[in-house]
Amino acid sequence: MLSLSAAHVHLLVAILAEVVATSSLKASDGLSRPLPTAVVVIGYAVAFYFLALALRSVPVGLAYAIWSGAGIVLVSLVGWVLFGQKIDLAGWIGITLILAGVLVLNLFSKAGH
């Protein structure tokens with residue numbers, strides 16, 4: 001069974017909040033729509049707060065690589081599913097490589113230990 005430390009939970013919350021905030025940027029229409037704009041501001045505040053908590057025990061380079069890599073993959077998928085953005089073969093290959101990098105960092109790297 002997968003065992004998550006508090007730092008991993010904090011990092012996961014930071015990633016999800018960042019994905020919600022970034023996805024809401026598109027819906028905010030240049031920050032001109034109040035509700036999506038509020039989601040952007042709150043989402044980024046939550047993301048940075050939980051990233052800061054994760055950084056108490058996860059090295060900054062490792063945490064940022066995981067946070068940004070997972071965010072890129074998830075935001076790309078949100079854009080594809082919710083906003084109908086096209087992803088070509090090169091895009092899918094790039095997304096796969098980023099995901100592979102995040103998985104390698106989490107599963108095999110000793111940098112965070």
Side-chain angles (χ1 to χ4, degrees):
M1 178 159 174
L2 182 64
S3 174
L4 295 177
S5 69
H8 287 101
V9 172
H10 293 150
L11 192 53
L12 179 62
V13 172
I15 291 165
L16 295 176
E18 187 268 336
V19 169
V20 168
T22 301
S23 300
S24 296
L25 273 173
K26 173 77 172 158
S28 77
D29 193 31
L31 301 178
S32 66
R33 297 177 59 216
L35 184 59
T37 298
V39 173
V40 169
V41 172
I42 293 166
Y44 282 128
V46 170
F48 284 111
Y49 175 74
F50 279 91
L51 180 60
L53 293 179
L55 291 176
R56 288 178 173 168
S57 58
V58 178
V60 67
L62 179 64
Y64 191 74
I66 293 168
W67 182 66
S68 60
I72 290 167
V73 170
L74 292 172
V75 168
S76 296
L77 294 176
V78 166
W80 177 58
V81 171
L82 294 182
F83 301 118
Q85 297 172 348
K86 304 292 183 226
I87 302 175
D88 61 10
L89 178 61
W92 284 114
I93 291 169
I95 289 168
T96 302
L97 291 171
I98 293 168
L99 182 58
V102 170
L103 290 173
V104 166
L105 283 170
N106 277 297
L107 300 175
F108 303 111
S109 175
K110 301 284 189 246
H113 302 284

Can [Y] be reached from [X] by stepping across I, L, V, M, F, W or Y side chains whose heavy atoms are under 4.5 Å apart?
| X | Y | answer |
| --- | --- | --- |
| Leu103 | Leu105 | yes |
| Trp80 | Leu74 | yes |
| Phe83 | Ile95 | yes |
| Ile87 | Ile93 | no |
| Ile15 | Val81 | yes |

Nearest atoms (heavy-atom pairs only) where [X] meets [Y]:
| X | Y | value |
| --- | --- | --- |
| Ala17 | Ala47 | CB-N, 3.7 Å |
| Arg33 | Asp29 | CD-CB, 4.0 Å |
| Ser23 | Val78 | OG-CG1, 3.2 Å |
| Ala7 | Ser57 | CB-OG, 3.1 Å |

Practice task
Determine whether Leu25 and Leu31 make a side-chain contact, defined as any pair of heavy atoms from C-beta on separated by less than 4.5 Å.
Solution key: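 With C-beta onward as the side chain, the pair touches.
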Practice task
Evaluate the side-chain proximity of Val73 to Val102: yes if any heavy-atom separation is below 4.5 Å, no if none is.
Solution key: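 A side-chain contact under 4.5 Å is absent here.
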Exercise for the section: For Ser24 and Ala27, indicate whether the former's side chain and the latter's backbone hold a donor-acceptor pair under 3.5 Å. Expected result: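 Side chain of Ser24 to backbone of Ala27, a donor-acceptor pair under 3.5 Å: no, none is there.
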Extract all donor-acceptor atom pairs below 3.5 Å that involve side chains of residues 58-68 and protein atoms in other chains or at least two apart in sequence.
unit_1: Trp67; atom_1: NE1; unit_2: Ala14; atom_2: O; d: 3.3
unit_1: Ser68; atom_1: OG; unit_2: Tyr64; atom_2: O; d: 2.7

Exercise for the section: Identify, with sequence neighbours excluded, every residue that meets ring pair (Phe, Tyr, Trp, His ring centres under 6.0 Å) alongside Phe50. Expected result: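 Once residues adjacent in sequence are excluded, the partners of Phe50 under the ring pair (Phe, Tyr, Trp, His ring centres under 6.0 Å) criterion are His10.
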Exercise for the section: Using side chain to side chain donor-acceptor pair (under 3.5 Å) as the criterion, list what pairs up with Thr22, not counting sequence neighbours. Expected result: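 In terms of side chain to side chain donor-acceptor pair (under 3.5 Å), with neighbours along the sequence ignored, Thr22 is linked to Glu18, Tyr44.
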Practice task
Kindly compute the distance separating CD1 (Ile72) from CG (Leu77), expressed to the nearest 0.5 Å.
Solution key: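 Going from CD1 on Ile72 over to CG on Leu77, the span is 12.0 Å.
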